[in-house]
Novice: 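Sending over a structure as structure tokens; questions will come in a sec.
The sequence lines fix the lettering, A, B, ..., with proteins before strands; numbering per chain opens at 1. All values below were derived from every heavy atom in this structure, side-chain atoms included, with hydrogens, water molecules and symmetry-related copies excluded.
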Protein chains: 2
Amino acid sequence: MLRISKKAEYGMIALQRIAQSGETVAAKEIAEDFGISFDLLAKVLNQLSKAGLLIAYHGIQGGYALAKKPTDITVADILVILEGTLRITDCADHSHEECGCSIDAKCSIKTPMQLIQERMKNVFESMTLADMIVKTQTVQLHSIQI
Amino acid sequence: MLRISKKAEYGMIALQRIAQSGETVAAKEIAEDFGISFDLLAKVLNQLSKAGLLIAYHGIQGGYALAKKPTDITVADILVILEGTLRITDCADHSHEECGCSIDAKCSIKTPMQLIQERMKNVFESMTLADMIVKTQTVQLHSIQI
DNA sequence: ACAATATAGGACTGAAATAGTCGTATATAT
DNA sequence: ATATATACGACTATTTCAGTCCTATATTGT
Ligand code: SF4
Ligand code: SF4
């Protein structure tokens, strides 16, 4: 329920990894490092590069590099690319075209749900890749201090 | 992706309906009004009454009545009852016990995800059943004025 | 040229969550 | 009694999600 997909998680982990390395990183390396499926990760990275978040280099010494600054990549961007349009209900986008839901016209929760979706969107938009790196490093420092 | 389940939607619609009527309402009436599955709605209302949001009356003239004031019922309450604990990732609850995820120890997005979950929780907690009714009525007024 | 390496892309499978159905038991007002 | 309404568990169907497999294409180094 209200789960973030593994694809999105892998995408965020990979982007963070690439951002921190500062150079091109191969999918194989990331998959091995974190012990996750190479095939699935490859699909994710491909989607991210098609969407313009990564630049892909083929061949030997190839891999992926960031196409944007970490401050210009938000969690919302990543979710939209890897999970499709963010929609908490069938009807909760602003295109007021048929939503397919049987209730539709009689529905009394449409507006509240749109409001909630808007606020969720804000949450996802307000965290960038750069923020994620800082948060993680802070915690790593803390665990060293303790 | 990040969808609110039909069960939760039905729950919110039913609660709103019951709140606005002010008296006990039978599941059958709600199901017919909105054209949704009676069996599924019955299950939902049963869960809500077991959780203490509704009082159930058996027999003729029976039905469900609110057990709390609309200002004391949040969207978060409803989601937790009908969809289980709100968790956007396998590990994003505060019980730092094994999360089952293979990445776990090496994972660099745990903390950011927990932060996002916390903010989402705030969004859901900050809207009550009473708010939902007001939002809906406002829109109904608007559509009359236009 | 050629072999090694890395991404690109589609088809496919298995597992899990969601949505919905059905049958039966229990409580209660009239 | 009986009609009505909730309670509850088992079951099925549908859809999503996660993961695999195979083949094609691009690039680099020798
Ligand atoms: S019309 Fe209402 S019930 Fe249907 S998808 Fe939209 S919010 Fe959900
Ligand atoms: S450890 Fe990381 S990848 Fe695994 S569930 Fe938690 S956040 Fe997701």
Novice: Less than 4.0 angstrom from a charged side-chain N to a carboxylate O is my criterion; do B/K110 and B/D90 meet it?
Specialist: no

Novice: Output the rounded distance in Å from CG (A/D39) to P (C/dA6).
Specialist: 15 Å

Novice: Judged by atom type as modelled, is there a donor-acceptor pair below 3.5 Å linking the side chain of A/Q117 to the main-chain atoms of A/I88?
Specialist: yes

Novice: Can you find a side chain N or O atom of A/Y64 that sits less than 4.0 Å from OP1 or OP2 on C/dA6?
Specialist: no

Novice: So, taking the atom named CG in A/D104 and the one named SG in A/C91, what distance separates them when rounded to the nearest 0.5 Å?
Specialist: 7.0 Å

Novice: Of all the nucleotides listed (D/dA18, C/dT7, D/dT6), which has the minimum atom distance to the side chain of A/A27?
Specialist: C/dT7

Novice: Distance check: side-chain N/O of B/N46 vs OP1/OP2 of D/dA7, anything under 4.0 Å?
Specialist: yes

Novice: Map A/Y57 and A/S5 onto DNA chain D by nearest heavy atom, then report which one ends up closer to the 5' terminus.
Specialist: A/S5

Novice: Counting only side-chain nitrogens and oxygens, does B/S49 get under 4.0 Å of the OP1 or OP2 atom of D/dT6?
Specialist: no

Novice: Once you round it to whole Å, what is the distance between P of D/dT6 and NZ of B/K50?
Specialist: 15 Å

Novice: Give one of base, sugar-phosphate or nothing for A/A56, where a contact means two heavy atoms less than 4.0 Å apart.
Specialist: sugar-phosphate

Novice: Answer yes or no: is there an ion pair linking A/D33 with B/K106, defined by an N-O contact shorter than 4.0 Å?
Specialist: no

Novice: Which is more 5' along DNA chain C, the nucleotide nearest B/H58 or the one nearest A/G59? Just name the residue.
Specialist: A/G59

Novice: Please state whether the phosphate of D/dA18, meaning OP1 or OP2, lies under 4.0 angstrom from any side-chain nitrogen or oxygen of A/Y10.
Specialist: no

Novice: Could you please name the option among C/dA19, D/dT20, C/dT7 that lies closest to any side-chain atom of A/F38?
Specialist: C/dT7

Novice: Determine: side-chain N/O of B/S37 to OP1/OP2 of C/dA19, distance under 4.0 Å, yes or no.
Specialist: no

Novice: With a 4.0 Å cut-off on heavy atoms, is B/A26 in touch with a base, just the backbone sugar-phosphate, or nothing at all?
Specialist: sugar-phosphate

Novice: May I ask you to verify whether the side chain of B/K43 and the base of C/dT21 hold a donor-acceptor pair under 3.5 Å?
Specialist: yes

